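Just follow the structure's listing: the first ligand is 1, and inside any ligand the first atom is 1. Please read all numbers here as calculations on a predicted model, not as lab measurements.
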Amino acid sequence: MRKKLVAANWKMNGSKALVQSLAEGLKAGLPSLENDVNIAIIPPALYIADVQRELAETQCGFGVQNIARWEQGAYTGEISSAMAADSGCGFALVGHSERRQLFGETDEAVADKVRQAMCHGLVAIVCVGETLEERNSGSANAVVAQQLQGCLQGVDGAQWKNIVVAYEPVWAIGTGKTATAKDAQAMHKHMRQLLAELGAPAEDITLLYGGSVKPDNAAELFAEPDIDGGLIGGASLNSDDFISICKSL
Ligand code: 13P
């Protein structure tokens, strides 16, 4: 059985005050979840310890939004996988489209980050997805195939259990435009086939959809057979909305 997962990517939002109020809202709402959803809260790194403290008695896991491609050393501003693991994080987002677009992150860099995450026992949530131009030109499947192959080369054996793939079409992120459930399902099915070709136990790998997931569209997306959960941006900054999305799984 694949694990179901809903991950909250707070991106570069928040403050101590927001952490406090979001955590209180989550703590109040979590007991109402009756499904077996796993939850990962991924705040800005500076607030991870605060979030962990506030949500210590809950089922939530925690993660970082990015990790270094290197083990340790003179890399000013970077956070290593070892540090994330040492700080009680179980998850690391890698290859988010914002990092690819704004910080020039390549598949090669993402592959290094995946390797680092594997070395330190983190679950890597590997993000892939095409731009609007790529979708309109009919190359979405090829783009995602190339990203998956580039980012996951070198993963093998027991490491696959620590791989989650998030399909986030770039044109759906923060835009209010969601992929239709059918289009998202088609891409997830394609990704599962690609993972099998890469030697992964594809049926066991958790695949997330991300891009303008909201309480009113989550259930339809999550009902698709190859969509095992969501990677939530904007809606994760409202605890009621986030809990409602978790309930939809
Ligand atoms: P939104 O849910 O705000 O579209 O963001 C999705 C995302 O990028 C999550 O990583």
Side-chain angles (χ1 to χ4, degrees), residues 4-14 18 22 25-26 37-45 47-48 51 60-67 84 89-103 105 110 113-114 117 122-132 134-135 140 143-144 147-148 151 163-181 183-184 187-188 191 206-222 224 227-249:
K4 296 175 178 183
L5 174 67
V6 178
N9 176 10
W10 290 6
K11 307 192 179 183
M12 197 177 76
N13 293 297
L18 184 79
L22 264 176
L26 289 172
V37 58
N38 292 280
I39 296 174
I41 307 292
I42 310 182
Y47 298 132
I48 290 171
V51 176
C60 293
F62 307 97
V64 284
Q65 297 175 10
N66 178 39
I67 45 171
C89 289
F91 297 86
L93 285 183
V94 290
H96 192 281
S97 65
E98 287 152 15
R99 298 221 48 95
R100 292 176 188 266
Q101 292 198 315
L102 301 172
F103 303 97
E105 212 164 280
V110 179
K113 292 176 182 209
V114 170
L122 298 174
V123 171
I125 303 178
V126 182
C127 304
V128 296
E130 81 286 355
T131 63
L132 187 57
E134 289 162 343
R135 172 145 293 255
V143 167
V144 167
Q147 289 173 334
L148 275 184
C151 298
I163 296 290
V164 169
V165 178
Y167 170 58
E168 296 205 306
V170 177
W171 48 270
I173 295 177
T175 58
K177 291 188 194 129
T178 322
T180 64
D183 283 349
M187 183 59 86
H188 280 232
M191 295 198 302
T206 298
L207 302 182
L208 309 182
Y209 171 79
S212 298
V213 178
K214 307 285 178 211
D216 62 2
N217 60 23
E220 193 188 356
L221 287 158
F222 295 165
E224 294 294 337
I227 300 181
D228 308 311
L231 179 54
I232 319 301
S236 72
L237 295 168
N238 176 308
S239 54
D240 290 344
D241 285 355
F242 185 69
I243 294 287
S244 164
I245 290 169
C246 290
K247 278 186 185 160
S248 306
L249 192 58

Per-residue contact class, A172 against ligand 1 - non-hydrogen pairs under 4.0 Å: backbone
Atoms in ligand 1 flagged as close to G174, the criterion being non-hydrogen separation under 4.0 Å: 1 (P), 3 (O), 4 (O)
side-chain contact (heavy atoms from CB on, under 4.5 Å) evaluation trace for I173 with S97: CA-CA 9 Å; I173 295 177; S97 65; 3.2 Å; yes
Reported OH-to-CD1 distance for the pair Y209 and I232, which is rounded to 0.5 angstrom: 9.5 Å
Under-4.0 Å heavy-atom contact with ligand 1, by part of N9 that carries it: side chain
Under 3.5 Å donor-acceptor, Y167 side chain and P169 backbone: no
side-chain contact (heavy atoms from CB on, under 4.5 Å) between V37 and F222, intermediate numbers included: CA-CA 12 Å; V37 58; F222 295 165; over 6 Å; no
Proximal atoms of ligand 1 relative to L231 (non-hydrogen, under 4.0 Å): 9 (C), 10 (O)
Short side-chain to backbone donor-acceptor contact, N217 and K214, under 3.5 Å: yes
Donor-acceptor contact below 3.5 Å, side chain R100 vs main chain G95: yes
Heavy atom of A235, distance to ligand 1 below 4.0 Å: no
Polar side-chain atom of R99 near backbone of Q65 as donor-acceptor pair, under 3.5 Å: no
Partners passing side-chain hydrogen bond (donor to acceptor under 3.5 Å, both in side chains) against K4 (at least two apart in sequence or in another chain): none
Nearest neighbour in protein (non-hydrogen) for atom 2 (O) of ligand 1: G233 N, 3.0 Å
Closest protein heavy atom to atom 7 (C) of ligand 1, given as residue, atom name and distance to 0.1 Å: E168 OE2, 3.0 Å
T175 N/O to ligand 1 N/O under 3.5 Å: no
Close-contact set for ligand 1 against H96 heavy atoms, below 4.0 Å: 7 (C), 8 (O), 9 (C), 10 (O)
Nitrogen or oxygen atoms of I232 and ligand 1 under 3.5 Å apart: no
Closest to atom 8 (O) of ligand 1 among E98, Q65, K11 (heavy-atom distance): K11
S212 near ligand 1 by a heavy-atom separation under 4.0 Å: yes
Protein heavy-atom partner closest to atom 3 (O) of ligand 1 - residue, atom, separation in Å: G234 N, 2.8 Å
Short N or O distance, G211 and ligand 1, threshold 3.5 Å exclusive: no
Side-chain donor/acceptor of S212 to backbone N/O of A172, under 3.5 Å: yes
